Amino acid sequence: MSLLWMYEVLDCLNFKCFKHPCSVEHTCPVCVFNRLLELNNVGFSNQTQSSWPLSSVIGSLFCCCSEPAFMVFYGLSPGKHMKLSSTAEEVATFFAKMLDHEYTTKEVFRKNFYKDWRKEMTSEEKSKITDLNKCDFSEMSEYFKAQSEARKAMTKEDKQKIKEENERILQEYGFCIMDNHKERIANFRIEPPGLFRGRGDHPKMGMLKRRIRPEDIIVNCSKDSKHPKPPPGTKWKEVRHDNKVTWLVSWTENIQGSIKYIMLNPSSRIKGEKDWQKYETARRLKKCVERIRAQYRDDWKSKEMRIRQRAVALYFIDKLALRAGNEKEEGETADTVGCCSLRVEHLTLHQEMDGQEYVVEFDFLGKDSIRYYNKVPVEKRVFKNLQLFMEDKEPEDDLFDRLNTSILNKHLQELMDGLTAKVFRTYNASITLQQQLNEITNSEDNVPAKILSYNRANRAVAILCNHQRAPPKTFEKSMQNLQTKIDAKKEQLADAKRELKSAKADAKVRRDEKSKKIEEQLMKLEVQATDREENKQIALGTSKLNYLDPRISIAWCKKFGIPIEKIYNKTQREKFAWAIDMAEKDFQF
DNA sequence: CCCGCAACTTAGAACAGTTCAG
DNA sequence: CTGAACTGTTCTAAGTTGCGGG
């Protein structure tokens, strides 16, 4: 495979210096560049920006503010303002912008923020500002609120202008050429500085995520393409030509020291092919999954502890669609686990529970600190093994002390080429959708009812994969509204029926049509209500996007005459273009 | 083996845009 | 026409996997 990128494309990093009508704020590369210039002391063409007040120039944040005047109160002399240096001011604004967020009340967040904020202060500021609790960010916060209100209140024309400008930026920076095809870039904007927002109980929440400078950036493009130039007076960290990888740009982030990438959009060929491969691997697993199941059931009896542990873990991964569960460095991230990293404290064994034998109660935090809670009846042999694994251990000890993801994946590789732990999640998700659709779709149903069936099948998968969401804040109210609508519609239908009865013969047909139409509307509303109620705490998006072979859904649409747009929106259709081309109505996963 | 690094997929929150009832 | 509700998009954190070097 060759990689060929055109100049214009990567030019997303080749920021230009001109006064930018900054509605896109700091995420806009142009603004970032303005800031870079300032930071690097390159000086910018004052013909374009000289009329801006100093603080508006400092920090891409303010590049369109006309009245900056940011100050932090400090409580030692109540009511007094303090003018901050530009760097300290910018970090303060990050905090101010989050003031309404729960984060800013958390001790860890405040501690980390304060520590990093101090690093940006002058020595004078350091001596004056000694306690975060005495700093009042509300004036700053009000300023940003007012800004956002002003944005909302803009005229239609102004909003249109912004839209056009965004479109222009997308056209200019959002594409590249790979293998002679113009492809959309996914995240073409450099991540702006801000305060780190970890999920769950993250020990690093509130730390300052620093601004990315040209010196941090590695550009990856083909040798013969003109690579984008760094801003004047600066250098890229590196320009390389590695066609074994798919990323266009990378940099190292300062919170965890991990690498961030700019890559192509899911609609791109390179991502689409990979996606297809993923589902093909899962379909190969389908062919040998019974053999593998027989194998691990057999291994529950193994003489060797490590093999028993491996077999029980694999059983969980298969049956419960758990993630592999890599080890994590303690204190660096939130305390979450997957299958191999389960600890004794995450399981409770019940010899008998609710009339069922050998029940395992799982309670742990998984990816993104989403709670996994499940009570599962298991086979006697699994239960006995778990008792064995938990013997003489402390709650914080590893359940599978002879196992990790590397061992497990090596074993899986021997069972099937390309098999890893995550393939089970894909396989079980897709096969569940297929089975559910086959089972519950009624060809006599109308379109909305069929879509309800589809959503129910999708929901079964989301439940399996534990894709949860907090019930929307407005849930109860919106259900009530819907019920009101349904009642009104029922009323309307009753009226229509009465009219039908009393109507003269010549009007009967017309009246009949009318009540049929109302009936249909009522039905649609009722279906909607059911769907929404069942979906209260479940997020369908993740499984739809990442776990369900799109060919299943497309074939289903074709078979039952459902327009694909009812299942996949525009973006999703772009992502699954490969499958839309491929799937016939008789496709089965 | 273990560890750290690199590259890629998967994830929910936040935000923006659209729709629809009043 | 307006604002609330809903839907779609963007953002970037948090996982998995594989590799190479000691």
Side-chain angles (χ1 to χ4, degrees), chain A residues 23-25 27 97-98 101-103 148 151-152 156 159 162-163 166 170 174 186-192 194 196-200 202 204-205 209 218 220 242 244-247 250 252-253 255-266 270-271 274-275 277-278 323-329 332-334 336-341 365-370 404-410 412-413 418-423 425-426 429 462 465-470 472-475 477-479 481-482 484-485 488 528 532 539-547 568-572 574:
Chain A
S23 49
V24 242
E25 278 206 5
T27 52
K97 282 185 167 183
M98 289 177 76
H101 203 288
E102 202 202 335
Y103 270 123
S148 112
R151 218 171 305 133
K152 274 183 211 151
K156 246 190 199 142
K159 281 183 181 164
I162 288 168
K163 208 175 162 188
N166 283 339
L170 171 67
N187 52 330
F188 63 90
R189 288 173 228 260
I190 297 286
E191 291 178 20
F196 177 73
R197 300 154 90 111
R199 310 266 171 90
H202 197 118
K204 298 192 172 184
M205 64 168 76
K209 196 172 104 162
I218 303 174
N220 185 36
D242 182 353
K244 300 289 184 288
V245 296
T246 68
W247 53 268
S250 73
T252 301
E253 148 275 346
I255 304 287
Q256 323 265 7
S258 67
I259 306 171
K260 299 273 190 144
Y261 302 93
I262 291 182
M263 290 184 186
L264 296 189
N265 189 280
I270 207 161
K271 294 287 183 194
K274 211 66 190 298
D275 209 33
Q277 266 181 33
K278 175 180 80 186
R323 296 186 185 83
N326 284 301
E327 294 117 295
K328 303 168 77 185
E329 214 174 326
E332 294 292 302
T333 58
T336 63
V337 297
C339 186
C340 294
S341 50
L365 298 182
K367 182 178 180 180
D368 291 323
S369 296
I370 298 289
N404 60 37
T405 55
S406 167
I407 295 170
L408 179 65
N409 279 332
K410 257 177 212 137
L412 292 175
Q413 184 58 236
L419 187 60
T420 63
K422 80 197 264 287
V423 178
R425 242 168 112 81
T426 312
C465 294
N466 200 39
H467 292 142
Q468 296 185 15
R469 62 167 186 178
K473 288 189 190 81
T474 55
F475 185 84
K477 203 175 153 215
S478 109
M479 278 314 281
N481 289 348
L482 201 50
T484 313
K485 270 196 219 170
Q528 201 185 346
R532 195 176 299 172
L540 301 183
T542 301
S543 52
K544 202 173 187 178
L545 231 50
N546 300 301
Y547 288 104
Y568 291 133
N569 67 31
K570 184 163 152 286
T571 312
Q572 293 165 337
E574 280 166 11

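A quick note: this is a predicted structure, and the numbers were derived from the prediction, not measured. In what follows, every chain begins at residue 1, and chains take the letters A, B, ... in the order their sequences are listed.
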To the nearest Å, how far apart are [X] [atom1] and [N] [atom2]?
X: A:Phe196; N: C:dA13; atom1: CZ; atom2: C1'; answer: 6 Å
X: A:Ile262; N: C:dT12; atom1: CD1; atom2: P; answer: 11 Å
X: A:Arg151; N: B:dA14; atom1: CZ; atom2: P; answer: 17 Å
X: A:Met263; N: C:dT12; atom1: CE; atom2: C1'; answer: 13 Å
X: A:Gln572; N: B:dT10; atom1: CD; atom2: P; answer: 15 Å
X: A:Gln256; N: B:dA6; atom1: CD; atom2: P; answer: 15 Å
X: A:Gln468; N: B:dA11; atom1: CD; atom2: P; answer: 13 Å
X: A:Lys278; N: B:dT9; atom1: NZ; atom2: C1'; answer: 7 Å

Would you say A:Lys159 has more than 12 foreign heavy atoms packed within less than 6.0 Å of its NZ?
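Check passes, neighbour count above 12.
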Close N/O contacts between protein and nucleotides 17-21 of chain C (under 3.5 Å):
unit_1	atom_1	unit_2	atom_2	d
C:dT17	OP1	A:Thr420	OG1	2.9
C:dT17	OP1	A:Ala421	N	3.2
C:dT17	OP1	A:Lys422	N	2.6
C:dT17	OP2	A:Asn409	ND2	2.9

Checking all strands, does [X] fall into the base, sugar-phosphate, or nothing category for heavy-atom contacts under 4.0 angstrom?
X: A:Gly338; result: nothing
X: A:Gly198; result: sugar-phosphate
X: A:Ile370; result: sugar-phosphate
X: A:Gly541; result: nothing
X: A:Thr336; result: sugar-phosphate
X: A:Lys328; result: sugar-phosphate

Please determine, for the side chain of [X], which listed nucleotide ([options]) has the closest atom?
X: A:Glu191; options: C:dT12, B:dC8, B:dA11; result: C:dT12
X: A:Asn569; options: B:dG12, C:dT12, C:dT9; result: C:dT9
X: A:Thr571; options: B:dC8, B:dA11, C:dG8; result: C:dG8

At under 4.0 Å, does any side-chain N or O of [X] touch on OP1 or OP2 of [N]?
X: A:His101; N: B:dA14; answer: yes
X: A:Thr542; N: B:dG12; answer: yes
X: A:Lys209; N: C:dA13; answer: yes
X: A:Arg199; N: B:dA11; answer: no
X: A:Lys367; N: C:dA13; answer: no
X: A:Lys271; N: B:dT9; answer: yes
X: A:Thr333; N: C:dA14; answer: no
X: A:His202; N: C:dA13; answer: no
X: A:Tyr547; N: B:dA11; answer: yes

Could you go over nucleotides 2-5 of chain B and give all protein N or O partners under 3.5 Å, atom names and distances?
none

Can you name the residues that form a side-chain hydrogen bond (donor to acceptor under 3.5 Å, both in side chains) with A:Glu332, not counting sequence neighbours?
A:Lys204
Among all residues two or more places apart in sequence or in another chain, which pass the side-chain hydrogen bond (donor to acceptor under 3.5 Å, both in side chains) test with A:Glu574?
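Listed in chain order: nothing, the list is empty.
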Less than 4.5 Å apart, any side-chain heavy atom of [X] and any of [Y]?
X: A:Trp247; Y: A:Asp242; answer: no
X: A:Tyr261; Y: A:Thr246; answer: no
X: A:Glu253; Y: A:Glu191; answer: no
X: A:Thr542; Y: A:Cys465; answer: no

Taking only residues two or more places apart in sequence, or in another chain, which ones meet A:Asn326 in a side-chain contact (heavy atoms from CB on, under 4.5 Å)?
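For A:Asn326, the residues satisfying side-chain contact (heavy atoms from CB on, under 4.5 Å) (neighbours in sequence not counted) are A:Thr405.
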side-chain contact (heavy atoms from CB on, under 4.5 Å) with A:Lys328: which residues, sequence neighbours excluded?
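side-chain contact (heavy atoms from CB on, under 4.5 Å) list for A:Lys328, sorted by chain: A:Thr333, A:Thr336.
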Taking A:Cys340's backbone N and O only, do any of them form a donor-acceptor pair with A:Asn404's side chain (distance below 3.5 Å, no angle check)?
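No.
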For the pair A:Tyr547 (side chain) and A:Ala462 (backbone), establish whether a donor and an acceptor sit closer than 3.5 Å, ignoring hydrogens and angles.
no
Using heavy-atom distances to pick each residue's nearest nucleotide on DNA chain C, tell me which of A:Lys260 and A:Lys570 is more 5'.
A:Lys570
Ignoring hydrogens, what is the shortest heavy-atom contact between A:Asn546 and A:Lys278? Give both atom names and the distance.
O-NZ, 2.8 Å
Please tell me which of A:Ser250 and A:Asp368 maps to the more 5' nucleotide of DNA chain B, matching each residue to the nucleotide holding its nearest heavy atom.
A:Ser250
